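Input: a single structure, listed below in structure tokens.
The residues of the chain are indexed from 1 along the displayed sequence. What you see is a predicted model; the values in this text were computed from it and never measured.
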Amino acid sequence: MNIDNVLNAINYDGDVLPNNMCVHLYLVRSDDDGYSTIEPQISREVERQLLNIMHDRLTDFRETDQSEYNIMGALADTIEYANAADYRTEYTQLNDSLNDVAVLPHPENTRFNFMVYKFHNNGNGEDIYAFRRTKNLNYLGRGVFGCIVDGAFTQLRQHNLIGTDDKVDLFLQNGEFLILSHYSFERILRIEDEFRDRVDNYLDQNANHAFDAIVGFDMFKEAVLGRKNLIKRVCKLIDDPNSLTFLDHVAETEVALHNNGIELGLNFQNGQVLFDDPSQANELVNLMQDSYYRTIVRGEVGADQRR
């Protein structure tokens, strides 16, 4: 995402809210039934403050390197981008909820999972969204919450307190996400559920004998689906037709395992691998990803699990 283009689109000087800019605050709840959204009324001053948060956050990352979203995690000092079309189901559900909001003068239920700031340009009709995962402040009601006024402590008794900070987790413009928080992106779009479904379906291809080369496949599948990190790694293999190539290169595979000090009970024979220990699922996925390596210059060995 070109951050300068976004900054130019909002045309904010850091002080005055543009007359053609309208800002909406959405409170979104996410559960097994999908998303539900409410929109409390906010003042123009709150609109300006939200626009200021967006402007400052974008400015902070203008010079930061960007890379395409990787399900294994973001690189250090790098932000990510992703196409909303790649997550069509989740994005459509969220977008539908944002277009079907309940307008309330004051939210009666502050149990929500994240906030959305919608910046609408009345001139060209363009919308830019900012997302921030947050928590309600109901926990303050379990103690004594107040402030000092004229040297005296005054207890505040308001309920349904809502607040935010000066951070933003991700932006959305023209169908493209700019991801500042890898974890929040996955939680907001609920794509961990998608990962599991995709891997479950992928491994179910064994009905077509795609994984007959893994003896004990059902145990392997159960081990993978029981660990989030393995789900993500196997998800990256879905479009890889060479995930079982290591069985065609048994000698090289044994060298890779030996060089990395890994002693497996995996039994390679007849073009198959025997899997009978769930604790070895990580190593078998490493082989499927061809993760084991030796560096060219120093000859160091290891496993790159981001492949």
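Side chain of E80 to backbone of N70: a donor-acceptor contact under 3.5 angstrom is found. Between the side chain of N201 and the backbone N or O of D197 there is at least one donor-acceptor pair closer than 3.5 Å. In this structure, T78 contributes its side chain and A76 its backbone to a donor-acceptor pair below 3.5 Å. Without hydrogens or angle criteria, N99 side chain to N95 main chain gives a donor-acceptor distance under 3.5 Å. Remark: side-chain polar atoms of N113 are paired, donor with acceptor, to backbone N or O of S30 under 3.5 angstrom. Judged by distance alone, the side chain of E90 and the main-chain N or O of R190 form no donor-acceptor pair under 3.5 Å. Judged purely by atom type and a 3.5 angstrom limit, R48 has no side-chain atom pairing as donor or acceptor with the backbone of S43. A distance-only check finds a donor-acceptor pair linking the side chain of T253 to the backbone of F246 [under 3.5 Å].
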Inset, instruction - Could you please spell out the steps behind the side-chain contact (heavy atoms from CB on, under 4.5 Å) verdict for F217 and L203? - result: CA-CA 9 Å; F217 173 79; L203 295 179; 3.8 Å; yes
Inset, instruction - For the pair F275 and V215, evaluate side-chain contact (heavy atoms from CB on, under 4.5 Å) and give the outcome as yes or no after the intermediate values. - result: CA-CA 6 Å; F275 182 85; V215 179; over 6 Å; no
Legend entry - Test log, rule side-chain contact (heavy atoms from CB on, under 4.5 Å), inputs L7 and H55: CA-CA 7 Å; L7 289 171; H55 176 272; 3.8 Å; yes
Inset, instruction - Decide side-chain contact (heavy atoms from CB on, under 4.5 Å) for L189 and F177; before the verdict, give the C-alpha distance in whole Å, the side-chain angles of both, and the deciding distance to 0.1 Å. - result: CA-CA 11 Å; L189 280 193; F177 285 104; 3.9 Å; yes
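Side-chain contact between V199 and V224: present, with at least one pair of heavy atoms (C-beta onward) separated by less than 4.5 Å. Side-chain contact between M54 and V23: absent, with no pair of heavy atoms (C-beta onward) separated by less than 4.5 Å. You'll find the side chain of T64 stays beyond 4.5 Å of the side chain of I3, heavy atoms only. Counting heavy atoms from C-beta on, the side chains of F61 and Q66 never come closer than 4.5 Å. Residues L51 and P18 meet the side-chain proximity criterion, which asks for heavy atoms closer than 4.5 Å. Using a 4.5 Å heavy-atom cutoff, the side chains of L50 and I42 are in contact.
The aromatic rings of H182 and Y69 lie parallel to each other, with less than 30° between the two planes, well short of the 60° mark.
Closest heavy-atom contact between A9 and I128: CB-CD1, 4.1 Å. The shortest heavy-atom contact between L225 and I231 is O-CD1, 3.6 Å. Counting all heavy atoms, side chain and backbone alike, N83 lies closest to A85 at OD1-N, 2.9 Å. Minimum heavy-atom separation, A223 to L230: O-CD1, 4.1 Å. Heavy-atom minimum distance, M115 versus L27: CG-CD2, 3.9 Å.
In this structure, the separation between OG on S181 and NZ on K167 is 12.0 Å, given to the nearest 0.5 Å. Put simply, CG on L284 and CZ on F220 are 4.5 Å apart, with the number rounded to the nearest 0.5 Å. Taking CG of D86 as the reference point, atom CD1 of I191 lies at 10.0 Å (rounded to 0.5 Å). To the nearest 0.5 angstrom, D212 atom CG is 10.5 Å from L244 atom CG. Between the CG atom in D277 and the CE atom in M219 there is a gap of 8.0 Å [rounded to 0.5 Å]. Atom CZ of F114 sits about 7.0 Å away from atom OG1 of T37, to the nearest 0.5 Å.
With Y129 as the fixed residue, the side chain to side chain contact (heavy atoms under 4.5 Å, CB included) test singles out one of V116, V168, L94: V116.
By the criterion of side-chain heavy atoms lying less than 4.5 angstrom apart, applied directly or through intervening Ile, Leu, Val, Met, Phe, Trp or Tyr residues, V234 is grouped together with I238 in one hydrophobic cluster. Grouping the Ile, Leu, Val, Met, Phe, Trp and Tyr side chains by contacts below 4.5 angstrom, directly or via other members, places Y293 apart from V285. Hydrophobic clustering (ILVMFWY, side-chain heavy atoms < 4.5 Å, transitive): M72 and L170 are in one cluster. Put simply, Y87 and Y81 are part of two different groups of oily side chains (I, L, V, M, F, W, Y) that touch within less than 4.5 Å, one to the next. If you chain together hydrophobic residues whose side chains sit under 4.5 Å apart, I188 and Y183 never meet in one group.
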Donor-acceptor contacts, no H, no angles, side chain residues 118-127, under 3.5 Å, sequence neighbours left out:
from, atom 1, to, atom 2, distance (Å)
H120, ND1, D127, OD1, 2.5
N121, OD1, N20, ND2, 3.3
N121, OD1, G123, N, 2.7
N121, OD1, N124, N, 3.3
N122, ND2, N20, O, 3.4
N124, OD1, E126, N, 2.8
E126, OE2, Q173, NE2, 2.7

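Listed by first then second residue, pairs satisfying salt bridge (Lys or Arg N to Asp or Glu O under 4.0 Å) with a partner in residues 57-72 read D4-R62, not counting sequence neighbours.
Within a 6.0 Å sphere centred on CG of N8, other residues, nucleotides and ligands contribute more than 12 heavy atoms. For I296, the CD1 atom is loosely surrounded, since the number of other residues' heavy atoms within 6.0 Å does not exceed 12. The number of heavy atoms from other shown groups lying within 6.0 Å of CG (D77) does not exceed 12.
In this structure, K228 does not pair ionically with E186, as no charged nitrogen and carboxylate oxygen lie closer than 4.0 Å.
Residues satisfying the side-chain contact (heavy atoms from CB on, under 4.5 Å) criterion with D56, sequence neighbours excluded, are N52.
In this structure, the ring of F195 has its center no less than 6.0 angstrom from the ring center of Y202.
There is a side-chain donor-acceptor pair under 3.5 Å between N282 and R233.
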